[in-house]
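Remember, predicted model here, so these are calculated numbers, not experimental data. Every heavy atom of this structure was used, including side-chain atoms; hydrogens, water molecules and symmetry mates were not. Note on naming: letters A, B, ... go to the chains in the order of the sequence lines (proteins, then strands), and numbering restarts at 1 for each one.
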There are 2 protein chains.
Amino acid sequence: MQKAIQKRTLKTRARLISAAEDVIRNEGYEALRVEDVVQAAGVAKGTFFAHFRDKDALMEILMADTLNACLDQAEAGKPPGTVPEIIVALEPVHSFMTAERYVFDLLIRHSGAVAIAEIGPIAYFFERYFRVVMMWLDEAEVRKDVPSDLLAEGVQAFAIQAMSLKYCALHASTSFSDRLKVYLEAWLTPAR
Amino acid sequence: MQKAIQKRTLKTRARLISAAEDVIRNEGYEALRVEDVVQAAGVAKGTFFAHFRDKDALMEILMADTLNACLDQAEAGKPPGTVPEIIVALEPVHSFMTAERYVFDLLIRHSGAVAIAEIGPIAYFFERYFRVVMMWLDEAEVRKDVPSDLLAEGVQAFAIQAMSLKYCALHASTSFSDRLKVYLEAWLTPAR
DNA sequence: ATTAGATATTGACCGCGGTCAATTTTAGAC
DNA sequence: GTCTAAAATTGACCGCGGTCAATATCTAAT
């Protein structure tokens, strides 16, 4: 027995997403209110939750869209082979992630899926980020004493650390890119 | 003109904290409801918010207390000199951090202070964690090509990464300690 | 065209964190 | 003791995410 997915459903969903994008474009992610979205879309509140498990689920979809577009761009160019090149290639991704505190928090909260069945757009994106970086590192001028998947996990860890500290008054003196550069050089090309 | 802090204030605050601890002991952090706490403490809801900026502020105090006690313990023992010893020394801290998903999320959210004036108990704890690890690394058998404060920041980044992945179904096969060990060996004692 | 069962939508309602003007209590000055 | 200004407490109220039984709409079988 197959699902009979109605046209109406797609239309409503599209209007909700479009309305949400409008709000975000004008006021940012944090300011988004479900009531505003449904009003702009011309549907009842309950309809929203028939389409998205909760507010975060919609946020995940919208954010992952943007992030995946950034990664598309990064993958389209020539694979970076050095630390500075890697940082440049990932700059759009990191820039989006740190543009709004609310965004960063939500990304972290959803970066892992609790169950395989629940892998959301954000968890999937982080997996993709990891894979892309790993491919780059396979061919890059970096240490080869540990496997590149480990190196890629480290890049992710350091990127997140650098973003966290960007929001931290105790470490506000150094810029995100500078800090990440120091981290990645020490991680990927150790002098020992 | 100094503040005239009343005895009543201290008493009310103590009762709120004690009531909160009871709830947490019985039902965990996530289940805590402000209404339950004020009822158990026998005060009105508004009183709660006269004592704590918001619910998170109380959580911060309670969690930081526990975490600082763990660090006290870690500092009391002999300073660890190798990766396995460091992992053992930090085990109580990491164990608490990953015991409840809600706790981990809140810790991350408050790990940095937005403004110097707003350094909360959690941000302060992370600073202390960093300093303790740095001291250990100063005397430990680890790489010396980069300063120990950088190494300590890396330890923190990898610990958080390992905790995140613990909650991630995509990486659930490896245990937290095993993963952290792999990370820290690659970070602190690279073969190049 | 009719009908039936699945699917989508509705909006009143709930839970819970947080606010604030009004009220009560406190601690010092006299 | 009395008065007074500051500090603490109160609880009705609000905002907003999320629920669910009732209702409306669609689709396919006949």
Can you sort out the partners of A:Ser148 under side chain to side chain donor-acceptor pair (under 3.5 Å), two or more places apart, ordered by chain and number?
A:Asp138
List the residues meeting side chain to side chain donor-acceptor pair (under 3.5 Å) with A:Asp105, not counting sequence neighbours, and say none if there are none.
A:Arg101
Closest non-hydrogen atoms of A:Val37 and A:Ala19, given as atom of the first, atom of the second and distance, are O-CB, 3.7 Å
N/O donor-acceptor pairs under 3.5 Å from side chains in residues 81-92 of chain A, not counting sequence neighbours:
| residue | atom | partner | partner atom | Å |
| --- | --- | --- | --- | --- |
| A:Thr82 | OG1 | A:Glu85 | N | 3.4 |
| A:Glu85 | OE1 | A:Gly81 | N | 2.7 |

May I ask you to decide if the ring planes of A:His94 and A:Tyr129 are parallel, tilted or perpendicular, using 30° and 60° as cut-offs?
tilted
Side chain of A:Glu35: nearest nucleotide among D:dT9, D:dG17, C:dT10?
D:dG17
To the nearest angstrom, the CZ-P distance between A:Phe52 and C:dT9 comes to 11 Å
Could you list the residues that satisfy side chain to side chain donor-acceptor pair (under 3.5 Å) with B:Glu27, not counting sequence neighbours?
none
Upstream residue (5' side of DNA chain D) when B:Ala50 and A:Val34 are each assigned their closest nucleotide
B:Ala50
State, to 0.1 Å, how close A:His51 and A:Thr9 come at their nearest heavy-atom pair, and which atoms those are.
CE1-O, 3.3 Å
From CD of A:Gln39 over to C1' of D:dG15, roughly how many Å is that when rounded to an integer?
15 Å
Could you list by number each residue of residues 23-32 of chain A showing a heavy-atom separation from DNA chain C of less than 4.0 Å, or answer none if no residue does?
none
Anything below 3.5 Å on both distances counts as a pair; with that, list the stems of at least three consecutive Watson-Crick or G-U pairs involving DNA chain D.
C:1-30 with D:1-30
Protein-nucleotide distance (A:Arg53, atom CZ; D:dT19, atom P), rounded to Å:
10 Å
Does OP1 or OP2 of D:dA8 have a side-chain N or O of B:His51 closer than 4.0 Å?
no
B:Leu10 atom CG is separated from C:dA27 atom P, nearest whole Å, by 11 Å
Tell me which residues in residues 12-20 of chain B lie within less than 4.0 Å of DNA chain D, going by non-hydrogen atoms.
B:Thr12
Fit a plane to each ring of B:Phe104 and B:Tyr167, take the angle between them on a 0 to 90° scale, and name the class: parallel (under 30°), tilted (30 to 60°) or perpendicular (over 60°).
tilted
N or O in side chain of B:Arg33 less than 4.0 angstrom from C:dG15 OP1/OP2:
no
Share the residues that join B:Met135 in a hydrophobic cluster, the rule being Ile, Leu, Val, Met, Phe, Trp or Tyr side chains under 4.5 Å apart at the heavy-atom level.
none
Does any pair with a residue in residues 150-178 of chain A pass salt bridge (Lys or Arg N to Asp or Glu O under 4.0 Å), and if so which ones, sequence neighbours excluded?
none
Go nucleotide by nucleotide along DNA chain C from the 5' end; which of A:Ala44 and B:Lys55 gets its closest nucleotide reached first?
A:Ala44
Atom CG of A:Asp56 to atom P of D:dG18: distance rounded to whole Å?
7 Å
A:Leu58 CG - D:dG18 P separation (whole Å)
11 Å
For B:Met134, the rest of its hydrophobic cluster, which grows through side-chain links under 4.5 angstrom
B:Phe130
Nearest-Å distance, CD1 (B:Ile5) to P (D:dA8)?
7 Å
Please step through side chain to side chain contact (heavy atoms under 4.5 Å, CB included) for the pair B:Arg128 and B:Leu71, ending with a clear verdict.
CA-CA 9 Å; B:Arg128 189 183 164 207; B:Leu71 261 194; 3.7 Å; yes
Cation-pi check, B:Arg143 onto B:Trp187 ring (under 6.0 Å, within 45° of axis):
yes
Each nucleotide in nucleotides 20-25 of chain C should get exactly one letter: B, S or -. Can you fill that in based on protein heavy atoms under 4.0 Å?
B----B
Rounded to whole angstroms, how far apart are OH on B:Tyr102 and P on C:dC16?
13 Å
Residue pairs, two or more places apart or on separate chains, that pass salt bridge (Lys or Arg N to Asp or Glu O under 4.0 Å) and touch residues 39-54 of chain A
A:Glu35-A:Lys45
